[in-house]
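We name chains A, B, ... by the order of the sequence lines, and we start the count at 1 in each one. Note: hydrogens, waters and symmetry copies are ignored here, and every other heavy atom, side chains too, is used.
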Amino acid sequence: MVQNLSQKLHCLQVKSSPPTRFLEEKFISLLRSCRTSHHLLHLHSQLTTHGLIHNAYVTPTLITTCSLLNKMPHARKLFDKMPQPNTATWNAMFRGYLHLECHLQVVVLFGEMNRAGAVPNCFTLPMVVKCCGKVNAVREGEEVHCVVVKMGFMSNPFVGTSLIDMYSSRGSVGDAYKVFGEMHQRNVVAWTAVIRAYISCGDMVSARRFFDLAPARDVVLWNTVVSGYIESGDMVAARKLFDKMPGRDAMSWNTMLNGYASNGDIELFEKMFEEMPERNVFSWNGLIGGYARNGLFSQVLESFKWMLVEGGDVLPNDATLVTVLSACSRLGALDMGKWVHLYAESIGYKGNLFVGNALIDMYAKCGVIGNALDVFNSIDRKDVFTWNTIINGMAMHGHAADALSLFDRMKNAVVKPDEVTFVGVLSACVHMGLVKDGFSFFQSMFDNYSIVPQIQHYGCMVDLLGRAGLLDQAVNFVRKMPMKPDAVIWAALLGACRIYKNVEIAELALQRLIELEPKNPANFVMLSNIYKDLGRWQDVARLKIAMRDTGFRKLPGCSVIEVDDSVVEFYSLDERHPETENIFRALRGLTVILRSYGYVPNLVDVAQGTVMGEVLQTTTLTRYPTYTRQSCRDCGSKIRKCHICRKKISNSFKLFHG
DNA sequence: CTAGGGTTAG
């Protein structure tokens, strides 16, 4: 009874005349735990009724909460109504914009701060300096530098370091060093910043000198210099320093892992992963992504499965899923891709834009454009990647009309088309033979979107003219190109010459192709096929000798197929599989059945060596596939099996089990 | 209310 009464009294006291400080603290803690915009609006109105909406202590926290909930416009409205915001409130605005990466807003707002006569402090300046660097605001950056000096903030390590970073990001190492020299106290972060400045301009010698001079070195500084050596391509120096490190953290190991991967040293790459004392999600992504970067897509899937089994607490994240899905696309591993789709949703990546875009691409490349569309439609906030992927996917599937209508929809959405969009649009025109429309799209790239056409777009145009049979126009177009035509351009022309049996232009194209890539036997095969079509057997023989003299043999095209849980690669008449006999027996059986239904095989292309892989090689050229084949370590040849030194480069024929 | 280092898509 007594306790109850005192509680009531206490409540009354608080309600009638609460000490302001108490209320302020209460609201600050409520705002910090606020997680929804609904709750935020509620608190906002409460603050208004308590007359605390322009409070010096509460308002900064309110603004911070707005920014965390993606409500900066709301914060801005409130902020603009304040008669005289204090520095902490200004800072909350800067931090909010910085958090959302609205760097330009920060620079603009700082101008307003000066005009309003408000005074920045040591928290304001690093944020503003950083943003000047981000948006490349050179003049503003120098003005802020002057403010720093005038207000005596050069002694503040945060301010000084931010200035070093700014000058470093615009490539002015000299200015970065000058700031470093003028700093009153230099901690290890400042040393790291100046060393980073030398690394980013490629001066590893100076970077190393400063590293050796530094009074203290922590693990971040060590890692910075190791990755500097990697960036400069010096894996040996990176390794030497790595071995000398007094304490390595997970990032040290991952840095080396990625270094070996980007230098194509698969052996050391794998060894590095095996030796790692601890593996976080970045380590696994390093392994998976390293295989992907080196074109070893089966190993991508294999190591992903290994991660699921052996990763322990480490779960894949969006980066993992995207890499694995793109490997599925490259391999045509649809079953695996579908599984990854379900798995991604089960671990909470249903709404992830990165994953969604990768799924669209995977379904499109695996031939199920319907599923690609389903994923596309399920994404509500589509970005330029989403649109480009579906447009290119549609074009690739021959749904050119759909690709073009999607392009129309894209224009109505707020997403601005880019150069990749136009590759899809133009290749849709190629498929439909829309020469006129193609040219008008090509023209509108620059006129309406200020996109300067790249060589890919010129390639599409050559393809467009060539496939429409307008070979002379195509040659003229190539001659008038503003850049030097590359092999893809000439190959497109050569391909068109085969369709229309134009020997004269074919010979011209081949001549250019031989100059550009003397090692690629596919070019000879193409011309040889044209001669064959025309029955010019003497020329075929002559070309065969010329081809032999180059010393290179054409790589047989290969196919990949998903079997159970694995991806298997095979060539025409391949006999490497342990069950070759059974496979061929089954095939013979199938042929008998097919023939009994009246099927007559077309052996002409097979006889000419135009197996699937070659068709792919010639028809996908204009799409500039990013497919990279492993290069031979000894002779640099970009082939799967080096025909010069006869070494097998990647273990591409490999079954794996889940 | 403060800084420096890693991965992913067309």
Inset, instruction - Tell me which nucleotide among B:dG4, B:dA3, B:dA9 gets nearest to the side chain of A:Pro157. - result: B:dA3
Inset, instruction - To the nearest Å, give me how far apart CZ (A:Arg196) and P (B:dG4) are. - result: 12 Å
Inset, instruction - Figure out the OH/P separation between A:Tyr198 and B:dG4, and round it to whole Å. - result: 20 Å
Inset, instruction - May I ask you to check whether over 12 heavy atoms, not counting those of A:Glu275, lie within 6.0 Å of atom CD? - result: yes
Inset, instruction - Pick base, sugar-phosphate or nothing for A:Val188, based on heavy-atom distances below 4.0 Å to the nucleic acid. - result: base
Legend entry - No-H, no-angle donor-acceptor pair, A:Asp318 side chain to B:dA9 base, under 3.5 Å: no
Inset, instruction - Nearest whole angstrom, please: distance from the C1' of B:dT7 to the CG of A:Asn285. - result: 5 Å
Inset, instruction - Identify whether any heavy atom of A:Asn352 sits under 4.0 Å from a base atom; if not, whether one sits that close to sugar-phosphate; answer base, sugar-phosphate or nothing. - result: nothing
Legend entry - Interatomic distance where NZ belongs to A:Lys134 and C1' belongs to B:dG4 [whole Å]: 12 Å
Inset, instruction - Take the protein atom CG of A:Asn280 and the nucleotide atom P of B:dT7, then report the distance between them rounded to whole Å. - result: 13 Å
Legend entry - Closest to side chain of A:Ala319, choosing from B:dA9, B:dT2, B:dT7: B:dT7
Inset, instruction - Give the nucleotide from the list B:dT7, B:dA9, B:dA3 with an atom nearest to the side chain of A:Phe282. - result: B:dT7
Inset, instruction - Pick base, sugar-phosphate or nothing for A:Asn156, based on heavy-atom distances below 4.0 Å to the nucleic acid. - result: nothing
Legend entry - A:Lys130 side-chain N/O to B:dT2 phosphate OP1/OP2 under 4.0 Å: no
Inset, instruction - Provide, to the nearest angstrom, the distance between the CG atom belonging to A:Asn392 and the C1' atom belonging to B:dA9. - result: 13 Å
Legend entry - Electrostatic pair A:Glu24-A:Arg21, nearest N-O below 4.0 angstrom: yes
Inset, instruction - Go through B:dC1, B:dA9, B:dA3 for me and flag the one nearest to the A:Phe158 side chain. - result: B:dA3
Inset, instruction - Among the candidates B:dA9, B:dA3, B:dT7, find the nucleotide nearest to the side-chain atoms of A:Thr161. - result: B:dA3
Legend entry - Distance, rounded to the nearest Å, where A:Met183 contributes CE and B:dA3 contributes P: 15 Å
Inset, instruction - Decide yes or no, distance alone: a donor-acceptor N/O pair under 3.5 angstrom between the base of B:dG4 and the side-chain of A:Asp165. - result: no
Legend entry - Electrostatic pair A:Lys411-A:Asp408, nearest N-O below 4.0 angstrom: yes
Inset, instruction - Using a heavy-atom cut-off of under 4.0 Å over every strand shown, decide if A:Thr192 touches base, sugar-phosphate, or nothing. - result: base
Inset, instruction - Rounded to the nearest angstrom, tell me the gap between atom CG in A:Asn91 and atom P in B:dT2. - result: 11 Å
Legend entry - Base of B:dT8 and ring of A:Phe354 stacked, centres under 5.5 Å, planes under 30°: yes
Legend entry - Pairwise side-chain contact, A:Phe385 with A:Val420, heavy-atom cut-off 4.5 Å (strictly under): no
Inset, instruction - May I ask you to say what A:Ser326 touches in the nucleic acid, namely base, sugar-phosphate or nothing, with a heavy-atom cut-off under 4.0 Å? - result: nothing
Legend entry - Sugar-phosphate only, base, or nothing, as touched by A:Asn258 at under 4.0 Å among non-hydrogen atoms: nothing
Legend entry - Exercise: identify the closest heavy-atom pair between A:Ala75 and A:Cys66: CB-CB, 3.7 Å
Legend entry - Within 45° cone of A:Tyr449 ring axis and under 6.0 Å: A:Lys416 NZ or CZ: no
Legend entry - Sugar-phosphate, base or nothing in reach of A:Asp249, heavy atoms under 4.0 Å: base
